[in-house]
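Just so we're clear, the structure is a prediction, and the values are computed from it rather than from any experiment.
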Amino acid sequence: MLWHSGGMTNLIDFDMLTNDLEGKRAAYAAGDPYPHIVLDGVLTPETFAAVVAEFPGIRDEFWQGYLHVNETKYANKAPDTWGDTLRAVAQEFCSERFVTYLEQLTGISGLLSDWSMDGGGLHQTLRGGHLNIHADFTSHHTHETWARRVNILLYLNEEWQPEWGGQLELWDPQMTEVRGRVTPAGNRMLVFTTTADSFHGHPDGLTCPPDMARRSMA
């Protein structure tokens, strides 16, 4: 956990996020094949080092497996089992300040944070794992009047080599071609608009070492 005499240190680099916000907003709107943006250095260096150290081990008992033909990954949607800094970062992403920033970035008003982590949480994919091309569900499983509008994926890999695969592919609405790829580099965030045809995934099996995983917070 990161503290100074006045309390917790800054976890998110809001100066980076808000620098040239109009430019970032324009880039988001112009994203191909759907509105999105890639932001590097979202967490402060000290925070990123802390969450990497706290990220649960690949055999941690709280991982829930999603192991079938369409995906082979693990999720932990219980923040009370996370380390202090990981939990604090998730709380910051659910804060009024960050949600307001997302509204400004995406142009979508009325956003609500979801501490229940419906579709979110910590994720890891091990060697050989994959995620078929898909569009995320847009209806909340508990709040029937809620619709998912924006996804944020923060990659928490201390190291990720290109030859290991795992690039998130962004596909066109007709699913005829890949229009973009995002390498899961550490402290990189992908923000994108969730619709019925915002297709994405990493369908090829990972080739990372067996003691490593493709790690993220959603």
Heavy-atom check, side chain of [X] versus side chain of [Y], under 4.5 Å:
{"X": "Val51", "Y": "Val89", "result": "yes"}
{"X": "Phe98", "Y": "Ile152", "result": "yes"}
{"X": "Leu43", "Y": "Ile12", "result": "yes"}
{"X": "Phe62", "Y": "Trp82", "result": "no"}
{"X": "Pro173", "Y": "Tyr34", "result": "no"}

Got a donor-acceptor contact below 3.5 angstrom from the [X] side chain to the [Y] backbone?
{"X": "Glu92", "Y": "Leu11", "result": "no"}
{"X": "Arg87", "Y": "Pro79", "result": "yes"}
{"X": "Arg25", "Y": "Gln104", "result": "yes"}
{"X": "Tyr28", "Y": "Thr193", "result": "yes"}
{"X": "Tyr155", "Y": "Arg214", "result": "no"}
{"X": "His130", "Y": "Val69", "result": "yes"}
{"X": "Asn132", "Y": "Glu71", "result": "no"}
{"X": "Arg127", "Y": "Leu206", "result": "no"}

Quiz prompt | Enclosure of Glu159 CD (heavy-atom neighbours >12, cutoff 6.0 Å) | solution =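 Yes.
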
Once you round to the nearest 0.5 Å, how far does [atom1] of [X] lie from [atom2] of [Y]?
{"X": "Leu154", "Y": "Phe93", "atom1": "CG", "atom2": "CZ", "value": "5.0 Å"}
{"X": "Leu17", "Y": "Tyr101", "atom1": "CG", "atom2": "OH", "value": "4.5 Å"}
{"X": "Ile108", "Y": "Glu103", "atom1": "CD1", "atom2": "CD", "value": "9.0 Å"}
{"X": "Tyr74", "Y": "Gln124", "atom1": "OH", "atom2": "CD", "value": "7.5 Å"}
{"X": "Met217", "Y": "Leu153", "atom1": "CE", "atom2": "CG", "value": "11.5 Å"}
{"X": "Asn70", "Y": "Ile133", "atom1": "CG", "atom2": "CD1", "value": "11.0 Å"}

Test of understanding: clusters of I, L, V, M, F, W, Y form through side-chain heavy atoms closer than 4.5 Å, transitively. Do [X] and [Y] belong to the same one?
{"X": "Phe48", "Y": "Phe55", "result": "yes"}
{"X": "Met117", "Y": "Met189", "result": "yes"}
{"X": "Leu170", "Y": "Phe192", "result": "yes"}
{"X": "Met212", "Y": "Leu168", "result": "no"}

Quiz item: Applying side-chain hydrogen bond (donor to acceptor under 3.5 Å, both in side chains), which residue pairs with at least one partner in residues 11-22 are found, sequence neighbours left out?
Solution: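 Qualifying pairs, neighbours excluded: none.
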
Self-check item: Sequence neighbours excluded, every pair satisfying side-chain hydrogen bond (donor to acceptor under 3.5 Å, both in side chains) that has a member inside residues 162-177
Solution: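 Non-adjacent pairs meeting side-chain hydrogen bond (donor to acceptor under 3.5 Å, both in side chains): Gln167-Thr183, Glu169-Trp171, Asp172-Thr176.
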
Quiz prompt | Worked verdict on Arg188 versus Val38 for side chain to side chain contact (heavy atoms under 4.5 Å, CB included) | solution = CA-CA 7 Å; Arg188 169 173 290 171; Val38 175; 3.5 Å; yes

Mind listing the closest non-hydrogen atom pair of [X] and [Y] along with its distance?
{"X": "Ala135", "Y": "Ala196", "result": "CB-O, 3.4 Å"}
{"X": "Ala213", "Y": "Leu126", "result": "CB-CD2, 3.6 Å"}
{"X": "Thr106", "Y": "Val191", "result": "CG2-CG1, 4.4 Å"}
{"X": "Ala75", "Y": "Trp63", "result": "C-CE3, 3.5 Å"}
{"X": "Lys77", "Y": "Gly120", "result": "CG-O, 3.2 Å"}
{"X": "Val42", "Y": "Leu39", "result": "CG2-O, 3.6 Å"}

Practice problem: Determine, step by step, whether Val52 and Arg215 satisfy the side chain to side chain contact (heavy atoms under 4.5 Å, CB included) criterion, reporting the C-alpha distance in whole Å, the side-chain angles of both residues, the deciding distance to 0.1 Å, and the verdict. | Solution: CA-CA 9 Å; Val52 165; Arg215 310 191 303 183; 3.6 Å; yes

Quiz item: Checking side chain to side chain contact (heavy atoms under 4.5 Å, CB included) for the pair Leu156/Leu86: CA distance, chi angles, key distance, verdict?
Solution: CA-CA 10 Å; Leu156 298 176; Leu86 275 169; 4.0 Å; yes

Exercise. Tell me, please, which residues at least two apart from His36 pass ring-ring contact (aromatic ring centres under 6.0 Å, His included).
Key: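 Per chain and number, His36 pairs via ring-ring contact (aromatic ring centres under 6.0 Å, His included) with no residue.
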
Practice problem: Would you check if the distance from the ring center of His200 to the ring center of His134 is below 6.0 Å? | Solution: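 Centroid separation for His200 and His134: below 6.0 Å.
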
